[in-house]
Structure formats: C-alpha cells, structure tokens
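Notes follow once the structure below has been shown.
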Amino acid sequence: MSERRNWQPQPGRRADWPESASRPVATPLQPSVVYAAESPDALDAQYEGRLAGWTYAREGHPNAAQLAGMIDALEGVAGGVMTGSGMAAVGAAMLGLVQAGDHVVGADQLYGRSLRLLAEDLPRLGIATTLADATDAGAIEAALRPETRAILVEVVSNPTIRVADIEGLAALARERGVALVIDNTFTTPRGFRAGEVADVVVHSVTKLLAGHSDATLGWVAARDADTAARIATAVQTWGMTPAPFDCWLAERGLHTFPLRYDRAEATAARLADALARMEGVARVLYPGRAEHPDHARAGRLLQGRFGNMVSFELAGAAAAGAGREAANALVRAMPALPFAPTLGDVGTTLSHPATSSHRGLSAEGRAALGISEGVFRVSVGLEEPDALIAEFEAGVAAARAALR
Ligand SMILES: *Cc1c(COP(=O)(O)O)cnc(C)c1O
C-alpha cells in the first residue's frame with residue numbers, strides 16, 4: 001500500500017499525495033496553479049530546460065500539454081499550444097506573426113469575431129488589414145502588399161460552405177514569403193490536414209474536437225520554431241492559457257472525436273440529399289453534392305471528407321418580408337433541436353445566420369453573400385439519421401405553410 005512521507009493533513013499544510021506503484025488509467029485532473037521546486041538549483045535547471053517541470057499554471061500545465069499533444073498528433077504537427085478559446089488561438093497567432101506597420105489579408109467570410117479582429121482590433125494596433133475572397137487565390141494575391149505578413153483563411157466558410165482555394169493560397173504564400181494561417185475548425189484534421197500546408201494552424205477546440213458544448217478552448221501551432229516560440233510567449237504574457245478542467249473535459253471528448261466525426265459526416269451527407277428532395281427547399285449547400293460551386297475542389301482538397309456542416313435555403317423566403325415568418329415557423333416546428341449558434345456538439349444544432357453570425361451586416365451585405373432570411377446552417381450531430389430527416393421534413397413543411 002501507499003506510504004506517505006509527509007502526512008500532516010491540516011489547514012495550510014498539504015500532505016504528500018499517496019504513492020502508488022500502479023498508475024491511473026484515466027488522465028488525472030491537475031488544477032494546481034503553482035508547483036513547488038525541490039531547490040533553487042532545481043528551479044534553475046527547470047527554467048533552463050535541463051529538468052522537466054511546471055512552475056505556474058498560466059505558463060503551462062499538464063492537462064493543457066496532454067491535450068495539445070493529442071491534437072498535434074491529429075494534425076501531424078509538433079509543439080501546439082492550448083488556449084482559453086478559439087479566438088484566443090486566432091489572437092495568439094496574430095500576436096506571434098505581426099507587429100505595428102505590418103499588413104494582414106483575411107478571407108471575407110471568416111468567423112464573425114475573426115472578421116472583427118481584422119476589421120477593428122488589429123487596425124487599432126497599427127496593423128492594416130484587407131479582406132478578400134479566399135475561393136479565388138487571385139483575389140487574395142491582389143490584396144497583398146509589400147508589408148503583408150499573414151493570410152488568414154478558413155477551409156470551409158460559414159454559412160455558405162464555400163471551399164477556399166487552399167492549393168492556390170499555399171503556393172502564393174510560399175512564393176511571396178507570407179505566413180498562411182488556416183483556421184481548421186470546420187474541417188477538423190479528419191477532414192483536412194491543415195498542418196501539411198499551413199504555416200500556422202488554429203482550432204476552436206470548443207467545437208468538434210471537444211464536441212460536447214461544455215468546454216471553451218483553442219489550439220494553435222506554427223511550423224517555424226521562432227514563430228511558435230513567439231505564439232507560446234504571447235499565450236503566457238496575454239494570459240490566454242486555458243483552465244485544466246476544460247482541457248481534461250476536452251481530452252475526454254477528443255478520444256471519441258474520430259467516431260463522432262465519421263458518424264456526423266455520414267448523416268450530414270444523407271440529410272443534404274434529403275433536404276435537396278424536399279419541396280420548400282430552394283438550395284442545399286454541401287460540398288459533397290455535385291451542384292455545389294466548389295464540389296470539384298472539395299473532392300481534391302478534402303478527399304471525400306465533406307464534413308458535418310450543411311446549409312440550406314427555404315424556397316420563396318428570399319423575398320422581402322416573407323422570410324422571417326418562414327424561418328420562425330421552421331424553428332418552432334423543430335422544438336427538440338437546439339436553435340443555437342454553435343457547431344460540433346454531439347447533438348444537431350440549427351443556426352440562422354441572418355439573426356446571429358451575420359446580423360451585423362446590412363440586408364444588402366447579407367444578400368451579396370447569399371444569406372437571406374431563409375438560410376439555415378445545420379451542424380449535424382449523432383442522432384438517428386431517419387429521425388433527424390423526419391424532423392427537418394416537419395420543419396420545412398411548417399415553413400412552406402407559413403409562406404402560403
Ligand atoms: C467558434 C469558432 C471560432 C472561435 O472559437 P471560440 O472557441 O468560440 O472562441 C473561430 N473560428 C471558427 C471557424 C469557429 O467556428
């Protein structure tokens with residue numbers, strides 16, 4: 001049995017952890033903020049990297065390191081760092097890559113907060129930005145300046161599910177010596193190995209990787225060692241380190257990520273086909289379908305891994321006025337389905353970009369992106385496919401009735 005060297009359980013004096021020759025099978029949760037070193041010599045050795053060890057949780061802790069290592073393995077990269085959210089990962093990537101006077105080009109259909117970071121926050125810090133269409137490497141090239149340091153793109157856009165010209169962008173970034181930053185949240189490393197082409201990869205781990213809507217986390221990794229070190233320092237200095245418990249939860253989720261992804265993707269393909277057959281649906285946006293504008297590119301780039309995200313537009317709902325009523329009717333006819341602007345949960349979630357992610361745009365701005373009041377985005381989860389399709393049939397029928 002275990003021996004305790006220092007067994008004085010009293011307030012203010014913690015006892016040594018009971019020793020065990022056997023080890024726990026599940027990952028221990030280590031919430032300790034501080035770590036006591038054996039001596040100043042030992043602490044010195046730790047800071048110099050001669051001894052492995054933790055010092056203070058903001059600088060790093062075992063639950064974050066364990067989780068980062070698992071995501072590194074999925075992406076096929078080394079040295080990834082966990083952050084307290086996906087946006088912290090995007091922010092840390094920028095802090096590691098650019099400084100005042102530099103220029104960043106971003107896709108014009110990025111995640112809403114990333115768009116805000118580029119449109120408002122970076123310029124305030126003296127970093128100029130330009131947004132351009134990432135499905136066209138020529139449009140991104142036209143936005144480059146001599147002082148451009150980074151291009152930020154997502155592989156698959158929200159909510160129109162357009163596929164970026166990653167091959168063209170990777171070639172362009174190489175040729176011009178600009179860092180290609182890929183937010184691989186939607187596609188996940190199972191859909192696309194961003195680590196093979198990007199200089200920096202970021203994930204909102206909150207979404208599919210953790211997968212249970214109970215932990216807010218991000219991950220960021222850089223190919224180049226200097227950039228990776230600057231990003232890691234930014235995470236420590238700006239205080240972007242995540243909580244151990246969130247990492248512990250996400251690690252638990254990550255063990256089933258490949259199974260969840262495959263199942264959700266298979267159901268998404270079936271749902272996309274079923275929606276396309278439903279009367280009352282004007283169009284379905286899923287890269288696995290032949291009529292998708294980027295179907296050929298998605299076939300090459302994603303190699304048949306078309307993901308769990310499906311968008312669709314109700315027929316007749318693009319007309320001014322009628323759309324909102326139809327959208328309300330659809331959501332109300334599907335009460336078991338969370339109407340929530342997130343993705344990657346074990347359960348299917350439904351979002352309405354016109355009133356959530358894209359509400360900040362004018363009606364004309366949304367129209368230019370093809371986002372009418374009748375557009376819905378579905379993050380497909382793990383339900384029985386037939387039951388899920390039946391729910392959508394009821395929702396679309398209710399929307400049709402509302403338009404009559
Ligand atoms: C959700 C999301 C983010 C931000 O992640 P948080 O964990 O919510 O901060 C960034 N990029 C994409 C593509 C996302 O879907």
Side-chain angles (χ1 to χ4, degrees), residues 67-77 80 86 154-159 161 163-164 166 182-197 201-215 217 219 249-276 284-290 292 294-312 337-338 340 342-351 377-392:
L67 178 60
M70 281 176 74
I71 301 174
D72 289 0
L74 283 172
E75 276 288 5
V77 301
E154 293 166 16
V155 182
V156 170
S157 74
N158 173 40
I161 322 288
V163 182
I166 297 290
I182 297 184
D183 178 339
N184 204 24
T185 302
F186 267 43
T187 19
T188 82
R190 202 148 176 85
F192 182 64
R193 293 282 288 259
E196 287 173 7
V197 294
V201 184
V202 301
H203 276 286
S204 170
V205 178
T206 312
K207 310 293 172 51
L208 286 138
L209 295 180
H212 293 69
S213 295
D214 54 11
L217 285 170
W219 170 95
L249 274 176
E251 184 191 327
R252 186 183 167 120
L254 196 59
H255 282 290
T256 55
F257 158 70
L259 298 170
R260 288 186 283 106
Y261 191 76
D262 292 0
R263 159 81 182 213
E265 180 180 62
T267 305
R270 282 191 54 189
L271 177 66
D273 290 345
L275 283 165
V284 173
L285 299 166
Y286 187 66
R289 287 186 54 81
H292 187 283
D294 305 316
H295 179 62
R297 175 181 294 159
R300 275 198 316 278
L301 204 63
L302 308 179
Q303 307 195 340
R305 303 309 311 253
F306 299 120
N308 79 315
M309 304 298 294
V310 181
S311 292
F312 67 94
L337 220 110
T342 188
L343 64 119
D345 187 48
V346 287
T348 298
T349 52
L350 188 65
S351 83
R377 187 197 75 184
V378 187
S379 166
V380 176
L382 308 180
E383 295 92 339
E384 273 305 322
D386 290 335
L388 188 67
I389 289 167
E391 279 182 279
F392 275 91

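As the structure is a prediction and not an experimental result, all values here were calculated from the model.
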Side chain to side chain, Arg270 and Ile389, heavy atoms closer than 4.5 Å: yes
Results of side chain to side chain donor-acceptor pair (under 3.5 Å) for Arg193 - residues two or more places apart only: none
In short, His292 meets Val163 closest at the heavy-atom pair CE1-CG2, 4.5 Å
Considering non-hydrogen atoms only, spot the tightest contact between Leu343 and Ser379 and give its length. CA-OG, 3.4 Å
So which heavy atom on Gly299 is nearest to which on Phe306, and how close? N-CE2, 4.0 Å
Using the side chain to side chain donor-acceptor pair (under 3.5 Å) criterion, which residues pair with Asp214? Sequence neighbours excluded. none
Could you tell me whether the side chain of Ser213 and the main chain of Asp345 form a donor-acceptor pair under 3.5 Å? no
Glu391 vs Leu337, test: side-chain contact (heavy atoms from CB on, under 4.5 Å). Steps then yes/no. CA-CA 9 Å; Glu391 279 182 279; Leu337 220 110; 3.8 Å; yes
Point-to-point distance, once rounded to the nearest 0.5 Å, from CG of Leu388 to CG of Leu271: 5.5 Å
Parallel, tilted or perpendicular, as decided by the 30° and 60° cut-offs, for the rings of His203 and Trp219: tilted
Give, for atom CG of Leu208 and atom CG of Leu254, the distance between the pair rounded to the nearest 0.5 Å. 11.0 Å
Close side-chain approach of Arg263 to Pro385, heavy-atom, < 4.5 Å: yes
Indicate yes or no for a side-chain donor-acceptor contact from Asp183 to the backbone of Glu154 under 3.5 Å, with no hydrogens or angles considered. no
Quick one: closest heavy-atom pair of Arg289 and Asp273, and the distance? NH1-OD1, 2.7 Å
Can you check whether Leu350 reaches Phe392 side chain to side chain, under 4.5 Å on heavy atoms? yes
Which is it for Leu275 and Tyr286 under the side-chain contact (heavy atoms from CB on, under 4.5 Å) test, yes or no, and what are the steps along the way? CA-CA 11 Å; Leu275 283 165; Tyr286 187 66; over 6 Å; no
Minimal non-hydrogen separation, Ala164 against Arg297, with atom names: O-CD, 3.3 Å
Report, as yes or no, whether the 6.0 Å neighbourhood of atom CZ on Arg305 holds more than 12 heavy atoms from other residues, nucleotides or ligands. yes
Inter-residue atom distance Leu285.CG - Ser311.OG, 0.5 Å rounding: 5.5 Å
Using a 3.5 Å distance criterion without hydrogens, assess whether the side chain of Tyr261 forms a donor-acceptor pair with backbone atoms of Leu209. no
Say you draw a straight line from CG of Leu217 to CD1 of Ile71; how long is it, rounded to the nearest 0.5 Å? 8.0 Å
If I compare all heavy atoms of Ala340 with all of Thr349, which pair ends up nearest, and what's the gap? O-CB, 4.0 Å
Can you sort out the partners of Glu251 under side chain to side chain contact (heavy atoms under 4.5 Å, CB included), two or more places apart, ordered by chain and number? Thr27, Gln66, Leu67, Met70, His255
In Å and rounded to the nearest 0.5 Å, what is the CG to OG1 distance from Leu382 to Thr267? 7.5 Å
I would like to know whether Arg260 and His212 meet side-chain contact (heavy atoms from CB on, under 4.5 Å); could you show each step before the answer? CA-CA 11 Å; Arg260 288 186 283 106; His212 293 69; 3.9 Å; yes
Okay, side chain of Asn184, backbone of Val201: is any donor-acceptor separation there less than 3.5 Å? no
Interatomic distance, OG1@Thr188 vs NZ@Lys207, rounded to 0.5 Å, equals 13.0 Å
side-chain contact (heavy atoms from CB on, under 4.5 Å) assessment of Asn308 paired with Thr348: CA-CA 10 Å; Asn308 79 315; Thr348 298; over 6 Å; no
Any non-hydrogen side-chain atom of Val156 less than 4.5 Å from a side-chain atom of Phe192? no
